[in-house]
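Shown next, in structure tokens, is the structure this report addresses.
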Amino acid sequence: MLLLAARVRVRFAPSPTGYLHIGGARTALYDWLLAKKEKGLFLLRIEDTDRSRYVPEAMEDIMESLRWLGLHWDEGPDVGGPAGPYQQSERVELYRRHAEDLVARGKAYYCFCPPERLEELRRSGYGYDGHCRELPAEVCREYLEEGKKAVIRFKIPQEGKITVRDYLRGEMVFDLQTLDDFVLLKSDGFPTYHLAVVVDDHLMEISHVMRGDEWLPSVPRHILLYEAFGWEPPVFIHLPVLLAPDGKGKLSKRHGATSLREYREKGYLPEAVNNFLLLLGWHPPDDREVLTMEEAAAVFSPERINTSPVAFSLEKLDWLNGVYIRQLAPEDLAARALPFLQKDGVLPDPCPPERFAYLVRIIPLVQERLKLLSEISQQTAYFFQEEIPVPPPELLVGKKSSAGETRELLAAALKALEGVEDFSAAALEEVLRGLAAELGIKPGPLFMPIRVAITGRTATPGLFETMEAIGKPRVLQRIRAAIEGLA
RNA sequence: GGCCCCAUCGUCUAGAGGUCGAGGACACCACCCUCUCAAGGUGGAGACACGGGUUCGAUUCCCGUUGGGGCUACCA
């Protein structure tokens, strides 16, 4: 007994079978929020009891992803803690002892049924039939001594009903006859989920269990186990499942990105991902939906978690990402965008300080236009390049204009710009607006060819700020190149 | 098949018997702002699955139907 006191202790208990799933991230977030809100502790426990599905890199990815989200744990496999170890593969002795204890007390039994028999049983549509349940003790001992493969099964009481409780859904009644004698300890000596989760949640003094609602049908088994051990069960809070964006079927790889790392690689901010996940199944007491995790932790309450399935639709995530990008200080955004620019070859790695300083200067121009960090390269490449490809005439010449006219406009602009000493946005605006007035045309038809000439794009930040940032020499040179391209 | 869960705008949701001729957010449409694109502002369209009850009164409570989802492994 650890006697860690009656404070809230929650755990996130992923299985290292792959990268951290977006649904798992939500569970971890809710766990973290509850711990924060209640001034409790958040633990990380790795449930690696299935050796056949074990993926070596998974554990590192899970921890790295959680850290990226800022969901730091108080106890876990890397940091340790009073209830360790926090990796189930290091606790197999513990599970075995508990399973054997149940056998000794007549609440569980050894089963020697071969896989083929079990397979047949499964096809019949019912669970295990209790074949080994009443095996005489001598026979059992004999088999064991012979080294026969065996599992330990839990003995489900045969009659009656069991009432279990979910925090959000209330009481649920299950008929015991619909439950079969499930396996506690596998023949390889590892525990099944059911045994391990109950033993660990108890030993680690978990007060609230949050997990996906695919576990709802297993609650009776767990309650029965708690009763068999004579333990007090924790509060169960089952989170609504995440459905595919079209609402049909469970979210899976078929429906786009399901691992957190993919979102990170696409250029989503952890702030946005957290905020988005927060809203998938939970709603704040007021209508403020954009909130930091600190703000969320202050008002988080499990009562407000929904029970109906949730379609995982990304529209709001994209919007939230834009919101958080706009809130960032330029230096911060630059630092976060840099890896994307380097990956795309726009900036070198390592990045020289003066280039980074220039990036910081550019950032405010594109900040409110950015939805994903991964868009940074295509939106800013022309700032960093010495020369850009000469824009084709179809881009340069407006719908209502001609090549000749465009050439003349650019030539006039070039002439006016050559005389500008102070190449600042304000001065440039004055000069170019003056030029348009002089030519007797609206600003638009003059500005657009210039924009395309110096950026190669029709959609850019404000023209004058852009020109200032690119600088006089490159601006003039690009306009000259564009004029030549129209000849 | 058996067991379990769920059901408000396209999506996330508010709503806990009269306050609802159903509120917010994203997305969508229009207009405004405007050198383009964004951002921002204003406005618009858009939902209580269906059928029975209970009640003076149901989005809200109960039952059923339908629909969706999950579980039914020596996987979690």
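Residue numbers start from 1 in every chain, and the chains themselves are labelled A, B, ... in the order their sequence lines are given, proteins ahead of strands. A quick note: this is a predicted structure, and the numbers were derived from the prediction, not measured.
- With C1' as the reference atom, B:G15 and B:C33 are 37 Å apart, rounded to whole Å.
- A distance of about 8 Å separates the P atoms of B:A49 and B:U60, rounded to the whole Å.
- At the heavy-atom level, A:Lys371 lies under 4.0 Å from the strands shown only through sugar-phosphate atoms.
- Nucleotide B:A25 is matched to B:U11 when pairs are restricted to Watson-Crick or G-U wobble geometry with both distances under 3.5 angstrom.
- A close approach under 4.0 Å does not occur between any side-chain nitrogen or oxygen of A:Thr49 and OP1 or OP2 of B:C75.
- Rounded to an integer number of Å, the gap from A:Leu243 CG to B:C12 C1' is 13 Å.
- At a cut-off of 3.5 Å, with distance as the only test, a side-chain donor of A:Tyr109 or A:Asp181 sits close to an acceptor on the other residue.
- The base-pairing partner of B:C50, taking Watson-Crick or G-U wobble contacts with both distances under 3.5 Å, is B:G64.
- Comparing the P positions of B:U11 and B:G46 gives a spacing of 16 Å, expressed to the nearest Å.
- Computed from coordinates, the A:Leu242 CG to B:C5 C1' distance equals 16 Å when rounded to whole Å.
- Tested against A:Tyr382, the residues A:Val346, A:Thr460, A:Ile454 include a single side-chain contact (heavy atoms from CB on, under 4.5 Å) partner, A:Thr460.
- In this entry the distance linking CG of A:Leu291 with P of B:A25 reads 15 Å, nearest Å.
- The shortest distance between the side-chain N/O atoms of A:Arg122 and the OP1/OP2 oxygens of B:C74 is below 4.0 Å.
- Using a 4.0 Å heavy-atom criterion, one finds that A:Gly281 contacts the sugar-phosphate atoms exclusively.
- Of the listed nucleotides (B:A76, B:C26, B:C35), B:C35 has the atom at the smallest distance from the side chain of A:Pro443.
- Heavy atoms of A:Arg304 sit under 4.0 angstrom from primed sugar atoms or phosphate atoms, though from no base atom.
- For A:Ala311, the side-chain atoms get nearest to B:U11 when compared with the rest of B:A76, B:U11, B:C37.
- Comparing B:U36, B:A76, B:C71 against the side chain of A:Ala459 picks out B:U36 as the nearest.
- For B:A73, neither phosphate oxygen OP1 nor OP2 lies less than 4.0 angstrom from any side-chain nitrogen or oxygen of A:Lys186.
- For A:Val310, whose side chain is taken as the heavy atoms from C-beta onward, the closest listed nucleotide among B:U13, B:G69, B:A27 is B:U13.
- The side chain of A:Thr307 has B:C6 as its nearest neighbour among B:C6, B:C35, B:C71.
- Distance NE2 (A:His283) to P (B:G23): 14 Å, rounded to an integer number of Å.
- Of the nucleotides present, none pairs with B:U36 by Watson-Crick or G-U wobble criteria with both distances under 3.5 Å.
- For the 3.5 Å distance criterion, the side chains of A:Tyr19 and A:Glu57 fail to qualify, holding no donor opposite an acceptor.
- Under the 3.5 Å distance criterion, with hydrogens and angles disregarded, a donor-acceptor pair is assigned to the side chains of A:Asp50 and A:Ser52.
- Within the shown strands, B:U42 is the pairing partner of B:A30 under the Watson-Crick or G-U definition, both distances less than 3.5 Å.
- The partner of B:G1 is B:U72, judged by Watson-Crick or G-U wobble contacts that both fall below 3.5 Å.
- Note on A:Thr458: a base of the nucleic acid sits closer than 4.0 angstrom, heavy atoms only.
- A:Pro461 comes within 4.0 angstrom of a base, heavy atoms only.
- Using a 4.0 Å heavy-atom criterion, one finds that A:Val452 contacts no nucleic acid atom at all.
- Rounding to whole angstrom units, CG of residue A:Leu446 and P of B:C35 are separated by 12 Å.
- A donor-acceptor pair under 3.5 Å links the side-chain atoms of A:Arg91 to the main chain of A:Pro85, judged by distance alone.
- For B:C3, its base never sits under 3.5 Å from the side chain of A:Thr178 at any donor and acceptor pair.
- Distances shown here put a side-chain N or O of A:Arg433 below 4.0 Å from the OP1 or OP2 atom of B:C35.
- Residue-level contact check: A:Pro284 touches neither bases nor backbone, having no heavy atom under 4.0 Å from any strand.
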Evaluation steps, side chain to side chain contact (heavy atoms under 4.5 Å, CB included), between A:Leu184 and A:Val151: CA-CA 7 Å; A:Leu184 295 172; A:Val151 301; over 6 Å; no
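- Using N1 to N3 plus N6-O4 or O6-N4 for Watson-Crick, or N1-O2 and O6-N3 for G-U wobble, each under 3.5 Å, B:C20 pairs with nothing.
- OP1 and OP2 of B:C74 both lie 4.0 Å or more from every side-chain N or O belonging to A:Arg117.
- Under 4.0 angstrom from either OP1 or OP2 of B:C71 there lies at least one side-chain N or O belonging to A:Lys250.
- Remark: aromatic rings of A:Tyr226 and A:His202 are distant, center separation not under 6.0 Å.
- Side-chain to base pairing of A:Arg169 with B:C5: no donor and acceptor N or O lie closer than 3.5 Å to each other.
- Atom OH of A:Tyr143 has 12 or fewer neighbouring heavy atoms from other residues, nucleotides or ligands inside a 6.0 Å radius.
- Contact annotation: A:Arg153 side-chain N/O to B:C74 OP1/OP2 distance is under 4.0 Å.
- B:C71 sits 25 Å from B:C63 when the P atoms are compared, rounded to a whole Å.
- As judged by a 4.0 angstrom heavy-atom cut-off over every strand, A:Ser15 is placed among residues touching the sugar-phosphate backbone only.
- Taking atom P on both B:G69 and B:G57, the two are 37 Å apart, rounded to the nearest angstrom.
- If you check B:C75, B:C26, B:A7 against the side chain of A:Glu315, the one that comes closest is B:C26.
- Residue side chain A:Glu289 reaches the base of B:G24 through a donor-acceptor N/O pair under 3.5 Å, judged by distance alone.
- Of the listed nucleotides (B:G70, B:A76, B:U36), B:G70 has the atom at the smallest distance from the side chain of A:Pro217.
- Along RNA chain B, the nucleotide closest to A:Arg451 and the one closest to A:Phe312 are compared, and the more 5′ of them pairs with A:Phe312.
- No donor-acceptor contact under 3.5 angstrom links the side chains of A:His238 and A:Arg169, judged on distance only.
- Toward the 5′ end of RNA chain B lies the nearest nucleotide of A:Phe174, the other residue of the pair A:Phe174 and A:Arg326 mapping further downstream.
- Per the geometry, CZ belonging to A:Arg457 stands 9 Å off C1' belonging to B:C37, to the nearest Å.
- Nucleotides B:G52 and B:C31 are separated by 48 Å at their C1' atoms, to the nearest Å.
- Here A:Asn306 does not reach the OP1 or OP2 of B:A7: none of its side-chain N or O atoms lies under 4.0 Å away.
- Here the nucleotide nearest the side chain of A:Leu279, chosen from B:C37, B:C12, B:C74, is B:C12.
- A:Leu320 has its CG atom 9 Å from the P atom of B:C26, to the nearest Å.
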For A:Glu303 and A:Tyr167: C-alpha separation, side-chain torsions, deciding distance, then whether side-chain hydrogen bond (donor to acceptor under 3.5 Å, both in side chains) applies. CA-CA 8 Å; A:Glu303 298 86 57; A:Tyr167 187 74; 2.6 Å; yes
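- In this structure, A:Leu280 atom CG and B:U11 atom P are separated by 13 Å, rounded to whole Å.
- Contacts of A:Val151 with the nucleic acid, taken as non-hydrogen atoms under 4.0 Å apart, include base atoms.
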